[in-house]
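Numbers restart at 1 for each chain; the letters A, B, ... are given by sequence-line order, proteins then strands.
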Amino acid sequence: MNTTATKTAITPRRDEDFPEWYQQVVRAAELAEPSDVRGCMVIRPWGYGVWENMQRQLDAMFRATGHRNAYFPLFIPLSYFAREAEHVEGFAKECAVVTHSRLEADADGKLKPASALTEPLVVRPTSETIIGASYAKWVQSYRDLPILINQWANVVRWEMRPRLFLRTTEFLWQEGHTVHETEAEARAETKQMLDVYERFVRDHLAIPVFSGEKSESERFPGAVQTLSIEAMVQDRKAIQAGTSHFLGQNFARASGIQFQNREGKQEFGWTTSWGMTTRLIGTVVMMHGDDDGVVLPPRIAPTQIVILPITPKEETRARVLEVCDKLAKQLREIRYVDLPIEVEVDRREIGGGVKNWEWIKKGVPVRVEIGPRDLENNSVAVSRRDQAVKAKESMRMEEFVARAPEILMSIQNTLYERAKKFCDENTRVVASKDEFYSFFTPKSAAKPEIHGGFALAHWNGSREVEEQIKNDLKVTICVIPFGNSEPGRCIFTGEPSSRRVVWAKSY
RNA sequence: CGGGCUGUGGCUCAGCUUGGUAGAGCGCCUGGUUCGGGACCAGGAGGCCGUGGGUUCAAAUCCCACCAGCCCGACCA
């Protein structure tokens with residue numbers, strides 16, 4: 001009767017069409033869906049739950065490093081925005097601009113914008129300039145420094161080609177903005193926050209990354225230095241998972257953030273900014289998902305354990321549900337990494353198979369079935385999302401309760417190890433230009449298979465080479481990793497190179 | 001913003017060439033049989049065919065304009 005047993009929950013499979021698989025997974029898992037507003041998405045409760053977990057956990061890390069949250073305006077006066085030239089150049093093409101303050105009905109009764117603003121307002125694509133304006137007022141003395149503030153907000157970048165979570169017109173993020181007395185302190189802050197991101201994605205999202213510096217051409221507009229962490233997702237492309245910028249005195253100069261230093265002289269502050277976005281949700285999907293849907297790392301799963309009552313007979317239904325509730329209560333009293341375990345009893349009256357698959361697609365880490373037979377034996381049937389969909393282990397109820405945190409931890413670790421192995425296997429040292437080109441050229445040009453990966457190769461540091469490679473292969477330097485400086489020769493020009501850099505196709 | 005394709009119940013699409021007033025599968029609702037891995041049977045609800053105009057006795061179908069979406073290019077977290 002069941003001829004669909006081997007069928008995957010998501011069509012197409014990852015190896016058939018990765019971008020399409022991604023879209024299908026995001027929708028099937030009810031993380032998000034496109035909205036009627038072009039380029040914007042609706043983040044559904046399951047997706048938003050993931051975001052809230054990320055937010056809460058990262059926010060705690062910001063607090064621990066001395067940062068506090070604040071909120072600045074959504075609208076940035078055009079004149080403020082215009083203060084930093086490179087910044088303008090970088091963002092001007094994707095700004096939404098508010099020009100009117102009112103709607104009026106015309107003769108046909110159609111609403112039209114009216115009452116033009118004397119100065120247009122830019123909807124923030126990022127907040128350096130508007131926050132800088134406040135900082136300029138707050139800072140007078142070196143005693144006012146450092147300023148360590150973070151903001152959780154939405155931003156708008158008028159993108160041409162939206163994809164759920166990965167690139168949408170409006171997205172949610174966190175942006176830290178700090179001011180320091182010295183260059184060294186600001187540089188240390190930039191690095192510190194990159195390390196925070198690295199730890200966060202590794203320990204909470206089970207994502208291994210390469211961390212380092214961006215090349216000049218990939219730098220944030222207006223920054224002196226941009227650091228980033230880069231992850232490899234399952235189509236072997238790179239995705240930026242977080243960035244931290246050392247802004248030098250560029251923005252301080254533009255915004256007038258000045259202070260009297262210890263020698264009594266006026267000096268511009270040294271600023272940094274750093275951010276992480278809802279794009280990370282898409283990264284998690286592409287990192288850990290499989291052909292049956294999302295696979296969530298337990299630490300960010302909105303529900304970590306779902307209890308599925310099996311109620312084939314009306315006469316046992318009440319007792320089964322009662323035992324399910326009792327188990328849920330017991331589990332909620334246990335902690336997994338300092339937080340109560342999130343448990344849900346799914347008592348909806350729909351087909352058992354359908355219900356089970358819904359949770360598989362959503363990526364809930366642990367599914368627990370309890371049916372009449374379990375009542376007899378005081379047992380439960382446990383399935384882990386990091387194992388085969390049909391795998392099920394029967395264990396005594398008390399044993400499961402005792403082992404729940406350990407099981408979650410084990411899943412979290414498995415996901416990380418799996419991702420690390422994948423990344424390692426598809427990262428390789430490339431020693432010649434020919435090897436480089438063949439590494440990044442798919443066998444089939446018409447329908448490119450998943451190919452390439454990260455190439456570690458020497459580079460002479462020139463923008464021209466980067467440009468050439470980007471044109472030829474759509475491959476860029478995703479990051480210049482820290483440390484490991486091992487001199488060699490640029491594989492493209494033969495010129496001296498101080499270290500290997502990471503090349504990849506990238507999101 | 002340039003080039004190509006597509007708009008038909010919630011979703012995927014057929015119907016369009018050869019105009020005659022709308023269909024399928026899935027989903028949804030009801031009842032029953034089921035239920036420890038995507039069940040089955042029976043019945044039912046749901047669409048001014050993207051929008052506006054034109055041709056015609058008659059338009060989902062032909063013509064024009066507009067809008068939206070997808071893919072490909074330029075840009076990006």
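- For B/U61, there is no paired base (Watson-Crick or G-U wobble, both distances below 3.5 Å).
- As rounded to whole Å, 17 Å separates atom C1' of B/C76 from atom CZ of A/R219.
- If you measure from atom CZ of A/F91 to atom P of B/C76, you get 9 Å, rounded to the nearest angstrom.
- Protein atom CG of A/L308 is 14 Å distant from nucleotide atom P of B/G38, rounded to whole Å.
- The salt bridge (Lys or Arg N to Asp or Glu O under 4.0 Å) contacts involving residues 217-245 of chain A comprise A/K214-A/E230, where partners must be two or more places apart or lie in separate chains.
- Evaluation of the side chain to side chain donor-acceptor pair (under 3.5 Å) rule for A/K392 yields A/E369 as partners, not counting sequence neighbours.
- Here, B/G10 and B/C29 have their P atoms 15 Å apart, quoted to the whole Å.
- Only the C1' atoms considered, B/C13 is 34 Å distant from B/C75, to the nearest whole Å.
- One interatomic measurement links the two molecules: CG of A/D346 to P of B/G36, which rounds to 15 Å at whole-angstrom precision.
- When each of A/S217 and A/D292 is assigned the nucleotide of RNA chain B with its nearest heavy atom, A/D292 is the one assigned upstream, toward the 5' end.
- Here B/C75 is the nucleotide among B/C75, B/G38, B/G73 with the atom lying nearest to any side-chain atom of A/K93.
- Residues satisfying the salt bridge (Lys or Arg N to Asp or Glu O under 4.0 Å) test with A/E322, not counting sequence neighbours, are none.
- Remark: B/U33 base-pairs with B/A39. Criterion, Watson-Crick or G-U wobble with two distances under 3.5 Å.
- Considering every non-hydrogen atom in both A/G222 and A/E84, the closest pair reads CA-OE1, 3.8 Å.
- B/C67 and B/G7 make up a base pair, with Watson-Crick or G-U wobble contacts both under 3.5 Å.
- Sorted by first and then second residue, the pairs that involve residues 287-299 of chain A and meet side chain to side chain donor-acceptor pair (under 3.5 Å), not counting sequence neighbours, are A/R14-A/D291, A/D290-A/R385.
- In this structure, A/Q304 has no side chain to side chain donor-acceptor pair (under 3.5 Å) partners at least two apart in sequence or on a different chain.
- Here, B/C49 and B/A60 have their C1' atoms 5 Å apart, quoted to the whole Å.
- Only the C1' atoms considered, B/U55 is 15 Å distant from B/A65, to the nearest whole Å.
- A/F62 and A/H67 have perpendicular rings, their planes meeting at more than 60° on a 0 to 90° scale where under 30° would count as parallel.
- Nucleotides B/C40 and B/G47 are separated by 29 Å at their C1' atoms, to the nearest Å.
- Residue ring and nucleobase are not stacked for A/W173 and B/A77 under a centre distance beneath 5.5 angstrom and an angle between planes beneath 30°.
- Between B/G46 and B/G19, the two C1' atoms lie 27 Å apart (nearest whole Å).
- Using a 4.0 Å cut-off on heavy atoms, none of the residues of residues 203-211 of chain A approach RNA chain B.
- What separates CG of A/D17 from P of B/C70 is a distance of 15 Å, to the nearest Å.
- Taking atom CD1 of A/I281 as the reference point, atom C1' of B/A77 lies 13 Å away to the nearest angstrom.
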When you compare the protein's N or O atoms with those of nucleotides 26-35 of chain B, which come within less than 3.5 Å of each other, and at what distance?
from	atom 1	to	atom 2	distance (Å)
B/C35	N4	A/P312	O	3.3

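- Partners of A/S244 under the side chain to side chain donor-acceptor pair (under 3.5 Å) rule, at least two apart in sequence or in another chain, do not exist in this structure.
- For A/V389, the listed nucleotide lying nearest its side chain is B/G37; candidates were B/G36, B/G37, B/A77.
- Proximity of A/F171 to A/F165: side-chain heavy atoms (C-beta onward) are nowhere separated by under 4.5 Å.
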Which atom pairs, one a donor and one an acceptor, fall under 3.5 Å between side chains of residues 344-353 of chain A and the rest of the protein, sequence neighbours left out?
from	atom 1	to	atom 2	distance (Å)
A/E344	OE1	A/T303	OG1	3.2
A/D346	OD1	A/R348	N	3.2
A/D346	OD1	A/R348	NE	2.9
A/D346	OD2	A/R348	NE	3.4
A/D346	OD2	A/R348	NH2	2.8
A/D346	OD2	A/W359	NE1	2.7
A/R347	NH2	A/D325	OD1	2.9
A/R347	NH2	A/D325	OD2	2.6
A/R348	NH1	A/E358	OE1	3.1
A/R348	NH2	A/E358	OE1	2.9

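- Salt bridge present: A/R13 and A/E16 bring a charged side-chain N and a carboxylate O closer than 4.0 Å.
- The side chain of A/V354 has B/A39 as its nearest neighbour among B/A39, B/C75, B/G36.
- Summarising the geometry, the separation between CE on A/M41 and C1' on B/G69 is reported as 18 Å, rounded to the nearest angstrom.
- A gap of 24 Å separates the C1' atoms of B/G25 and B/U21, to the nearest Å.
- Not a single donor-acceptor contact under 3.5 angstrom links the side-chain atoms of A/R157 to the base of B/C76.
- Partners of A/E52 according to the side chain to side chain donor-acceptor pair (under 3.5 Å) rule, which considers only residues two or more places apart in sequence or in another chain, do not exist here.
- In the set B/C75, B/G38, B/A77, B/A77 carries the atom at the smallest distance from any side-chain atom of A/R279.
- Note on A/R396 versus A/E398: salt bridge recorded, some NZ/NE/NH1/NH2 to OD/OE distance being below 4.0 Å.
- Heavy-atom distances under 4.0 Å link RNA chain B to A/K361, A/R367, A/E369, A/G371, A/P372, A/R373, A/D374 of residues 361-378 of chain A, given in residue order.
- Look at the C1' atom in both B/A68 and B/G52: the space between them is 14 Å, to the nearest Å.
- Within the structure, the side chain to side chain donor-acceptor pair (under 3.5 Å) test picks out the following pairs touching residues 198-209 of chain A (sequence neighbours left out): A/Q57-A/H204, A/E198-A/S211.
- Across every strand in view, B/G2 sits in a pair with B/C72 that passes the Watson-Crick or G-U test at under 3.5 angstrom.
- Pairing for B/C13 is with B/G23, a Watson-Crick or G-U wobble pair whose two hydrogen-bonding atom distances lie under 3.5 Å.
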